[in-house]
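Everything on this sheet refers to the single structure shown next.
Owing to the predicted nature of the structure, the values given are computational and were not obtained by experimental measurement. All heavy atoms count here, side chains included; hydrogens, waters and symmetry mates do not. Residue numbers begin at 1 in each chain, while the letters A, B, ... track the order of the sequences.
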Amino acid sequence: MKEEGGDLRAIRLEKRRRLEALGINPHPYAFARSACAALLEARFKDLPAGAATEEEAALAGRIRAMRNSSLFLDLHDASGKIQIFCHKDHLSEEHLGLLRLLDIGDIIGVKGRIRRTPRGELTVDASELTLLAKALRPLPEKFHGLTDIELRHRERHLDLIINKASRETFLCRSRVVAAMRAHLAAKGYLEVETPMLHTIPGGASAKPFITHHNALDIDLYLRIAPELHLKRLLVGGLSDRLFEINRCFRNEGLSPRHNPEFTSLELYESYVDYEAMMGLVETLIAEAARAAVGGTSLSYGGVSIELEPPWPRRSMAELVAKETGVDFLALEGGESARSAAEELGARIEGRESWGEALEAVFAARVEDRLLAPVHVTGFPRDISPLAKADRKDPRLAERFETFIYGWEIANAFSELTDPLDQRERFEEQMRARALGDEEAQLLDEDYVRALEYGLPPCGGLGIGIDRLVMLLTDSPSIRDVILFPTLRPR
RNA sequence: GAGCCCGUAGCUCAGCCGGUAGAGCAACUGACUUUUAAUCAGUAGGUCUCGGGUUCGAAUCCCGACGGGCUCACCA
């Protein structure tokens with residue numbers, strides 16, 4: 001039976017054997033570097049073509065191209081690319097022996113003087129070569145690279161070696177998260193970590209993953225949101241302002257905008273209401289954009305989006321009325337709301353409450369038109385079981401979602417702090433669940449108990465990091481911004 | 001979960017009105033030695049995703065499975 005990789009791998013295995021026969025360890029322990037490609041490029045940017053220096057550098061990286069029978073190598077390190085010149089006259093017989101057994105894809109260390117070739121390429125004149133890792137498998141082709149989407153996701157290491165754009169996307173993601181953390185730290189928000197394993201999945205309406213703890217012999221759920229634990233921390237007074245940037249898990253369908261595990265920022269602040277969260281969303285996302293693209297103007301899928309605050313605020317009912325001519329605030333009860341929603345083309349099953357019907361119309365008719373950033377306020381109370389009622393209209397909650405490019409990017413409320421009200425809301429949810437709503441929330445007695453010790457008035461906010469990074473990196477799929485997206489095993 | 005599309009060499013792709021598999025890059029041998037997707041000559045490389053079926057004959061047509069992409073539904 002022929003192994004995958006076939007001859008190409010066998011040839012490289014043979015080269016490895018020959019290297020070992022020469023006393024060369026194909027996987028040594030360390031290599032002392034004095035520079036990286038970008039550093040040298042910056043340092044010698046004014047070195048004219050044809051000029052040589054006396055300066056020696058030692059650098060390490062992966063061979064990505066070999067030209068003129070290995071006379072020229074392209075060496076890529078994490079910072080960039082530099083050319084290596086391997087002339088027989090400058091290398092010992094041992095180094096030439098190594099050179100003959102090198103392949104594209106091998107990781108090597110190089111020592112030599114810096115010069116710029118007459119053609120203008122910054123180059124290390126190699127006087128020493130060190131094998132740092134022998135590659136047994138060939139890299140994808142240099143010109144077309146690795147384009148197969150499945151392979152790029154399954155073998156992210158290859159994608160990162162080959163596709164510069166992919167590398168930049170993930171570097172950008174890292175900058176975005178770092179910028180948000182830095183901004184929050186500077187404003188005095190405390191970063192915390194709360195459990196991934198929940199005994200009752202709460203804080204959102206979603207289907208959880210179930211797992212089992214053997215020693216305790218109990219089922220546990222991968223968290224669908226950190227919300228209830230974070231608010232417990234406000235009860236405890238650990239800080240008046242805290243946040244968590246971490247993974248959530250939802251056992252739902254996959255799509256270009258849904259991965260079973262995704263990253264959210266959740267933030268809670270005592271003594272403020274949801275108004276404060278609007279400003280914070282704008283600041284955080286503008287900061288993220290500056291970190292990602294250097295400004296607040298961006299283009300996603302050819303659509304220009306301006307993120308410079310402030311962003312408009314519109315109520316859900318107002319947007320629906322403007323789009324459809326139907327004012328849901330003038331409708332009484334679920335029945336009339338459902339029939340109106342159905343007439344407007346929303347998907348209605350027949351059990352929907354007034355709020356659910358309004359939201360269904362909003363989702364069907366309005367959502368995907370909200371390209372420019374907008375805070376949508378006036379969310380129905382009955383789809384917001386963790387939010388305080390609107391102080392002016394009891395049918396509504398003090399909740400908004402921020403939409404950009406038609407996507408929900410942020411979700412925030414004046415958090416429900418009254419334990420008696422919270423219990424009633426949970427009980428409403430349990431009734432909906434009994435009637436077949438699988439995603440209705442579960443009554444969390446421990447959480448209600450915590451509220452009974454007194455949760456200060458507070459605002460809470462969640463931002464979907466993956467979708468934000470998609471926008472900021474112009475990535476068409478969530479899998480392009482998650483290093484190892486969920487795939488069926490092959 | 002439903003619909004549409006895709007799966008050929010390590011990679012990127014041709015071939016798909018059925019006649020038994022091709023190119024470029026990568027690899028190997030050699031030439032060349034200041035190249036930039038280096039060039040030139042030659043060589044080797046395939047259970048055409050898998051399993052059935054139709055046929056004298058299947059990469060090609062049909063059915064099924066597996067994997068992927070997109071759309072819809074659910075959702076962030």
Looking for any heavy atom pair under 4.0 Å, which part of the strands does [X] touch: base, sugar-phosphate only, or nothing?
X: R115(A); value: base
X: E408(A); value: sugar-phosphate
X: E439(A); value: sugar-phosphate
X: G145(A); value: sugar-phosphate
X: L151(A); value: sugar-phosphate
X: D466(A); value: nothing
X: R12(A); value: nothing

Taking atom [atom1] in both [N] and [M], compute the distance separating them and give it to the nearest angstrom.
N: A44(B); M: G24(B); atom1: P; value: 14 Å
N: G68(B); M: C32(B); atom1: C1'; value: 44 Å
N: U47(B); M: U39(B); atom1: P; value: 29 Å
N: C13(B); M: G7(B); atom1: P; value: 11 Å
N: C61(B); M: C16(B); atom1: P; value: 10 Å
N: G45(B); M: A37(B); atom1: P; value: 31 Å
N: G15(B); M: A59(B); atom1: C1'; value: 9 Å
N: A27(B); M: A2(B); atom1: P; value: 45 Å

Give the rounded distance in Å between these two atoms: [atom1] of [X] and [atom2] of [N].
X: L158(A); N: G10(B); atom1: CG; atom2: P; answer: 14 Å
X: L71(A); N: U36(B); atom1: CG; atom2: P; answer: 12 Å
X: L146(A); N: G68(B); atom1: CG; atom2: C1'; answer: 14 Å
X: H87(A); N: U34(B); atom1: NE2; atom2: P; answer: 7 Å
X: K81(A); N: A37(B); atom1: NZ; atom2: P; answer: 8 Å
X: I11(A); N: A27(B); atom1: CD1; atom2: P; answer: 10 Å
X: I162(A); N: C11(B); atom1: CD1; atom2: P; answer: 11 Å
X: E150(A); N: C70(B); atom1: CD; atom2: P; answer: 12 Å

**Q.** Phosphate-side-chain proximity, R67(A) and A37(B), N/O vs OP1/OP2 below 4.0 Å
**A.**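 Checking R67(A) against A37(B): no side-chain N or O falls below 4.0 Å of OP1 or OP2.
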
Q) OP1, OP2 of A26(B) versus side-chain N and O of K142(A): anything below 4.0 Å? A) yes

With respect to the side chain of [X], which nucleotide from [options] is positioned closest?
X: H144(A); options: U12(B), C25(B), C70(B); result: U12(B)
X: R488(A); options: G68(B), U12(B), C70(B); result: G68(B)
X: S255(A); options: G69(B), A26(B), A73(B); result: A73(B)
X: T147(A); options: G10(B), C32(B), U12(B); result: U12(B)
X: T117(A); options: U36(B), A27(B), U12(B); result: U36(B)
X: S69(A); options: C28(B), A31(B), C70(B); result: A31(B)
X: F143(A); options: A37(B), U71(B), U36(B); result: A37(B)
X: L487(A); options: A26(B), G69(B), U71(B); result: G69(B)
X: Q83(A); options: G68(B), U36(B), A27(B); result: U36(B)
X: D148(A); options: U12(B), A26(B), C70(B); result: U12(B)

Once you round to the nearest 0.5 Å, how far does [atom1] of [X] lie from [atom2] of [Y]?
X: L267(A); Y: E191(A); atom1: CG; atom2: CD; value: 11.0 Å
X: D125(A); Y: E56(A); atom1: CG; atom2: CD; value: 10.0 Å
X: L122(A); Y: Q83(A); atom1: CG; atom2: CD; value: 9.0 Å

Watson-Crick or G-U wobble partner for [N], using a 3.5 Å limit on both distances?
N: A37(B); answer: none
N: A65(B); answer: U49(B)
N: G24(B); answer: C11(B)
N: C56(B); answer: G19(B)

**Q.** Smallest separation among heavy atoms of A60(A) and L132(A), with atom names
**A.** CB-CD1, 3.6 Å

Q) Aromatic ring centroids of H90(A) and H95(A) under 6.0 Å? A) no

Q. Looking at F379(A) versus Y274(A), is the centre-to-centre ring distance below 6.0 Å?
A. no

Q | E141(A) (side chain) and G24(B) (base): donor-acceptor pair under 3.5 Å | A | yes

Q. Which sits closer to the 5' end of RNA chain B, D103(A) or T486(A), going by the nucleotide each is nearest to?
A. D103(A)

Q) Given the rule in the ring-ring contact (aromatic ring centres under 6.0 Å, His included) test, do F243(A) and Y268(A) qualify, once you have shown the distances and angles that lead to the verdict? A) CA-CA 6 Å; F243(A) 72 98; Y268(A) 295 85; over 10 Å; no

Q | Neighbour count above 12 (heavy atom, 6.0 Å) for K111(A) NZ | A | no

Q. For F262(A), is the NZ or CZ atom of R250(A) found under 6.0 angstrom from the centre of its six-membered ring and inside 45 degrees of the ring axis?
A. no

